[in-house]
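Both ligands and their constituent atoms are indexed starting at 1 by order of listing.
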Amino acid sequence: MTSELIYHLNLLPYSREELLLIVKEKVSEKRFKHILGVEKASIKLAKAYGDSVEKASIAALLHDYCKELSDELFIEEIKKNKLDCDLLNWNNNIWHGMVGRYIIENEIDLHDESILNAIEIHTTGAKKMSKLAKILYIADYIEEGRNFTGVKKAREIANKSLDEAVAYETSHTLLHLMEQRLSIYPLTIQTYNYYCVK
Ligand code: GDP
Ligand code: FE
Ligand code: FE
């Protein structure tokens, strides 16, 4: 049971219960429900594939922490941290992870690079993803609240192979973006080349 999960690793100055309250304050009710779904799916994958349940929980609870922040705040953060100027050409979809990790690091006092990196790339993937990053990327896609065409198949694949689940999700996300003629973030293409090409 998730509610019995106690954080032992001292990665945060908070217990799981305190972190839940902080996140709840920061996002809408609908998004909070999604976040809890991602935590549940992440913990299940961490157990199945032998990764840290505690890190999976923290990464999931914080992955969309910055999703409702203003564009101005992200632009300020990109400048303050002297991040790649190309980021200024993107939007919240890309910023809430790629830039959000710096906001989370400061606001939550979380400095674990493996968790921060998983949050950073949770939308796009990357060419070499840690097990934790794969778990978060997949859990975000298959959590119980998701109900798009193909989610059942994605859940089945996630039970068999993390790499195959990354490939399935990436190719479907790309198809979806291209159908709408939306811009593709370069890291998403790198994920495709690394995990999808046979
Ligand atoms: P969410 O935060 O739980 O909604 O999920 P994600 O963080 O995975 O995705 C946020 C949004 O970014 C979704 O609408 C994705 O389709 C979109 N997205 C994912 N990859 C890319 C990309 O390469 N380019 C663009 N423009 N959008 C993307
Ligand atoms: Fe997200
Ligand atoms: Fe999400």
As a test of reading the model: which N/O atoms of the protein lie under 3.5 Å from N/O atoms of ligand 1, and at what distance?
from: ligand 1; atom 1: 2 (O); to: D64; atom 2: OD1; distance (Å): 3.2
from: ligand 1; atom 1: 2 (O); to: D64; atom 2: OD2; distance (Å): 3.4
from: ligand 1; atom 1: 2 (O); to: K67; atom 2: NZ; distance (Å): 2.7
from: ligand 1; atom 1: 2 (O); to: H96; atom 2: NE2; distance (Å): 3.2
from: ligand 1; atom 1: 3 (O); to: H34; atom 2: NE2; distance (Å): 3.1
from: ligand 1; atom 1: 3 (O); to: D64; atom 2: OD2; distance (Å): 3.1
from: ligand 1; atom 1: 3 (O); to: D140; atom 2: OD1; distance (Å): 3.2
from: ligand 1; atom 1: 3 (O); to: R146; atom 2: NH2; distance (Å): 3.0
from: ligand 1; atom 1: 4 (O); to: K67; atom 2: NZ; distance (Å): 3.1
from: ligand 1; atom 1: 5 (O); to: D140; atom 2: OD2; distance (Å): 3.4
from: ligand 1; atom 1: 7 (O); to: H96; atom 2: NE2; distance (Å): 3.1
from: ligand 1; atom 1: 7 (O); to: H122; atom 2: NE2; distance (Å): 3.1
from: ligand 1; atom 1: 7 (O); to: T123; atom 2: OG1; distance (Å): 2.7
from: ligand 1; atom 1: 8 (O); to: D140; atom 2: OD2; distance (Å): 3.2
from: ligand 1; atom 1: 23 (O); to: Y185; atom 2: N; distance (Å): 2.9
from: ligand 1; atom 1: 23 (O); to: T188; atom 2: OG1; distance (Å): 2.7
from: ligand 1; atom 1: 24 (N); to: S183; atom 2: O; distance (Å): 3.0
from: ligand 1; atom 1: 26 (N); to: S183; atom 2: O; distance (Å): 2.9

Inset, instruction - Might you confirm whether atom NZ of K40 has over 12 heavy atoms from other residues, nucleotides or ligands at distances under 6.0 Å? - result: no
Inset, instruction - Would you check if V166 and Y195 make a side-chain contact, meaning some heavy-atom pair closer than 4.5 Å? - result: yes
Legend entry - Hydrophobic cluster partners of L177 (side-chain heavy atoms under 4.5 Å): L174, M178, L182, I184, I189, Y192, V197
Legend entry - Lys/Arg N to Asp/Glu carboxylate O, E76 vs K79, below 4.0 Å: no
Inset, instruction - Look at R16 together with E39 and state whether they make a salt bridge at an N to O cut-off of under 4.0 Å. - result: yes
Legend entry - Close side-chain approach of F74 and L87, heavy atoms under 4.5 Å: no
Legend entry - Results of side-chain contact (heavy atoms from CB on, under 4.5 Å) for S183 - residues two or more places apart only: W90
Inset, instruction - Show your reasoning for whether side chain to side chain donor-acceptor pair (under 3.5 Å) applies to E54 and H8. - result: CA-CA 8 Å; E54 182 168 335; H8 292 287; 5.9 Å; no
Inset, instruction - Give a yes or no on whether E25 atom CD has more than 12 heavy-atom contacts from other residues, nucleotides or ligands under 6.0 Å away. - result: no
Legend entry - Residue-atom pairs from the protein, N, O or S only, that lie under 2.8 Å from the Fe ion (ligand 3): H34 NE2, H63 NE2, D64 OD2, D140 OD1
